[in-house]
Amino acid sequence: MIDGKGMQGPGMQAPRTPRDEDDPAAGPEQPALDRNVQGRIGSHLRAMYDELMQQPIPDRFVDLIAELERSSGQLPPDAPPTES
C-alpha cells in the first residue's frame, strides 16, 4: 500500500540527511533496497515468470504467428498452423 509519505509536490525538495551530504558514493547508482530485499523480490519474480512460462500459448497467438509467416512468404498459403 502506498501511504504518500515522502511524496512531494512541485517545487518541494526532500529533506537532506547527513549521509546525502557526506557520502560521495550516495547517488543514483546505489541501490535503494538492501540485497536481502532485492534477492527476495528476484526470487518471487523468477517464480512468477517460471509459472507463466508453463502456460500454453493461446490458439489465437499460434494462428496469428502462422498468418504472419504465410504473409511473409515463410510458409505456403495452404500450410496448416504449426504447433509449438
Side-chain angles (χ1 to χ4, degrees):
M1 182 171 139
I2 300 174
D3 60 8
K5 290 181 182 175
M7 297 183 70
Q8 303 164 9
M12 298 179 73
Q13 291 185 347
R16 305 232 358 146
T17 63
R19 182 174 184 257
D20 292 341
E21 296 167 359
D22 297 336
D23 187 1
E29 68 277 352
Q30 294 296 316
L33 301 173
D34 75 13
R35 296 211 184 267
N36 268 346
V37 173
Q38 289 179 8
R40 290 181 61 199
I41 291 171
S43 295
H44 286 273
L45 287 173
R46 278 188 291 281
M48 289 174 58
Y49 182 77
D50 288 344
E51 183 179 327
L52 177 67
M53 293 306 296
Q54 299 302 315
Q55 301 295 319
I57 298 172
D59 290 338
R60 64 183 182 185
F61 289 173
V62 172
D63 294 341
L64 280 172
I65 291 170
E67 185 177 333
L68 286 170
E69 288 173 342
R70 277 193 295 274
S71 70
S72 69
Q74 293 180 1
L75 286 178
D78 58 345
T82 57
E83 293 293 320
S84 299

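Computed from a predicted structure; not experimentally measured. Heavy atoms only: backbone and side chains are in, while hydrogens, waters and symmetry mates are out. Starting from 1, each residue takes its place in the sequence as its number.
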Residues that P56 engages under side chain to side chain contact (heavy atoms under 4.5 Å, CB included), provided they are two or more places apart = none

Give the C-alpha distance, both sets of side-chain angles, the deciding distance and a yes or no for side-chain contact (heavy atoms from CB on, under 4.5 Å) between V62 and I65.
-> CA-CA 5 Å; V62 172; I65 291 170; 5.9 Å; no

Rounded to the nearest 0.5 Å, what separation is found between the CG atom of N36 and the CZ atom of R40?
-> 8.0 Å

Step through the shown structure and confirm whether more than 12 heavy atoms of other residues, nucleotides or ligands are within 6.0 Å of CD on Q55.
-> yes

Enter the distance from Q54:CD to D50:CG here, rounded to the nearest 0.5 Å.
-> 7.0 Å

Is L52 reachable from F61 through a run of I, L, V, M, F, W or Y residues, each pair having side-chain heavy atoms under 4.5 Å apart?
-> no

With ILVMFWY side chains joined below 4.5 Å, transitively, what does M53's cluster contain besides itself?
-> Y49

